[in-house]
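No experiment lies behind these values; they were computed from the predicted model shown. Sequence lines set the chain letters: A, B, ... in the order given, protein chains first and strands last, and positions in each chain run from 1.
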Protein chains: 2
Amino acid sequence: METLIKTLGEPKRTEILRLVWAEELPATEIADHFPSVTRSAISQHLAVLRSVGLVNERREGTRRLYTANHAELARLRSYLDSFWTSSLDRLRDLAEADQRSQERS
Amino acid sequence: METLIKTLGEPKRTEILRLVWAEELPATEIADHFPSVTRSAISQHLAVLRSVGLVNERREGTRRLYTANHAELARLRSYLDSFWTSSLDRLRDLAEADQRSQERS
DNA sequence: TTCTAACGTAAGAGTGTGCTAACATAGAGA
DNA sequence: TCTCTATGTTAGCACACTCTTACGTTAGAA
């Protein structure tokens, strides 16, 4: 999960994720969306996204077509949700501990 | 938003956030939860969390009490949600463009 | 088979990040 | 006032990260 978050900390990678979210795109076309950096840089970003499973790769001849892996981003979403639910658990635990201490007094 | 994600990319900071999620804690007590690193390291992490608004600080004498800022994490959650909604928009746009091209043929 | 397009990969430079050690500050008591 | 506790800050080291340049690979076209 930590590597997943770190991967999204890079703005170009989240932008790539947006590009391939609803549309399958070849690497070159993705790189064309970033005129400021080299194709190599984008290729390396794609490698990172692939390594953490945020995108899927499909080969077609010499081309490599990428799509976003929605499920993996969904995992991050529910991870954030766990912050809230675990806080409810924690509040419950605190309340119970407080009640026990009052019972003792 | 980028800095917000980068802040959570560090596991000790998310752990700190969990600690102060439902309970106000002084800096020393937070640092005590991390025997492997110096108090100074935790102090620096707290400074980062404070700078992006993920925690609130309250001073009481020489102590500084920290609580999580739930609203800021909620912002990140809805940012992730925007990935899905924007994809719906994008799918709609693609569908409409496709329909127009079919109408032309 | 020889070219070329579409990729990935390796090496190195420059920059950022987390940590420790040492120092600074500010209240609370004695 | 002197001291102790709680805490932040700074300098510097080690490591990780992003980018460019240069090179390697593979599949189709000529």
K.L.:
Please name all residues satisfying salt bridge (charged side-chain N to carboxylate O under 4.0 Å, His left out) with B:Arg39, sequence neighbours left out, ordered by chain then number.
P.N.:
none

K.L.:
Compare every heavy atom of A:Leu46 with every heavy atom of A:Ala27, then report the nearest pair and how far apart it is.
P.N.:
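Smallest heavy-atom distance, with atoms named: CB-CD1, 4.1 Å.
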
K.L.:
Once you round it to whole Å, what is the distance between P of D:dG8 and CG of B:Leu49?
P.N.:
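My rounded result for the distance is 12 Å.
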
K.L.:
Mind running a 4.0 Å heavy-atom check of residues 50-68 of chain A against DNA chain C and sending the residues that fall below it, in number order?
P.N.:
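Per residue number, the list reads A:Arg50, A:Thr62, A:Arg63, A:Arg64, A:Tyr66.
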
K.L.:
Quick one: which protein N/O atoms are closer than 3.5 Å to N/O atoms of nucleotides 18-20 of chain D? Pair and distance per line, please.
P.N.:
residue: D:dT18; atom: OP1; partner: A:Glu10; partner atom: OE1; Å: 3.2
residue: D:dT18; atom: OP1; partner: A:Arg13; partner atom: NH2; Å: 3.0
residue: D:dC19; atom: OP1; partner: A:Lys12; partner atom: NZ; Å: 2.9
residue: D:dC19; atom: OP2; partner: A:His45; partner atom: NE2; Å: 2.4
residue: D:dC19; atom: N4; partner: A:Gln44; partner atom: OE1; Å: 3.4
residue: D:dT20; atom: OP2; partner: A:Thr38; partner atom: N; Å: 2.8
residue: D:dT20; atom: OP2; partner: A:Thr38; partner atom: OG1; Å: 2.5
residue: D:dT20; atom: O5'; partner: A:Thr38; partner atom: OG1; Å: 3.1
residue: D:dT20; atom: O4; partner: A:Gln44; partner atom: NE2; Å: 2.9

K.L.:
Checking A:Glu29 now: which residues fulfil side chain to side chain donor-acceptor pair (under 3.5 Å) with it, not counting sequence neighbours?
P.N.:
none

K.L.:
Show me the side-chain donor-acceptor pairs of residues 49-56 of chain A shorter than 3.5 Å, one per line, residues at least two apart or across chains.
P.N.:
residue: A:Arg50; atom: NE; partner: A:Glu57; partner atom: OE1; Å: 3.3
residue: A:Arg50; atom: NH2; partner: A:Tyr66; partner atom: OH; Å: 3.4
residue: A:Ser51; atom: OG; partner: A:Val48; partner atom: O; Å: 2.7

K.L.:
Suppose we screen for salt bridge (charged side-chain N to carboxylate O under 4.0 Å, His left out). Which residues come up paired with A:Glu24, at least two apart in sequence or across chains?
P.N.:
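In terms of salt bridge (charged side-chain N to carboxylate O under 4.0 Å, His left out), with neighbours along the sequence ignored, A:Glu24 is linked to A:Arg58.
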
K.L.:
Listed by chain and number, what are the salt bridge (charged side-chain N to carboxylate O under 4.0 Å, His left out) partners of A:Asp32, not counting sequence neighbours?
P.N.:
none

K.L.:
Side-chain donor-acceptor contacts of residues 1-12 of chain B below 3.5 Å, not counting sequence neighbours, with atom names and distances?
P.N.:
residue: B:Glu2; atom: OE2; partner: B:Lys6; partner atom: NZ; Å: 3.0
residue: B:Thr7; atom: OG1; partner: B:Thr3; partner atom: O; Å: 2.7

K.L.:
Test of understanding: with ring-ring contact (aromatic ring centres under 6.0 Å, His included), list the residues that count as partners of B:Tyr79, not counting sequence neighbours.
P.N.:
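So B:Tyr79 forms a ring-ring contact (aromatic ring centres under 6.0 Å, His included) with B:Phe83.
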
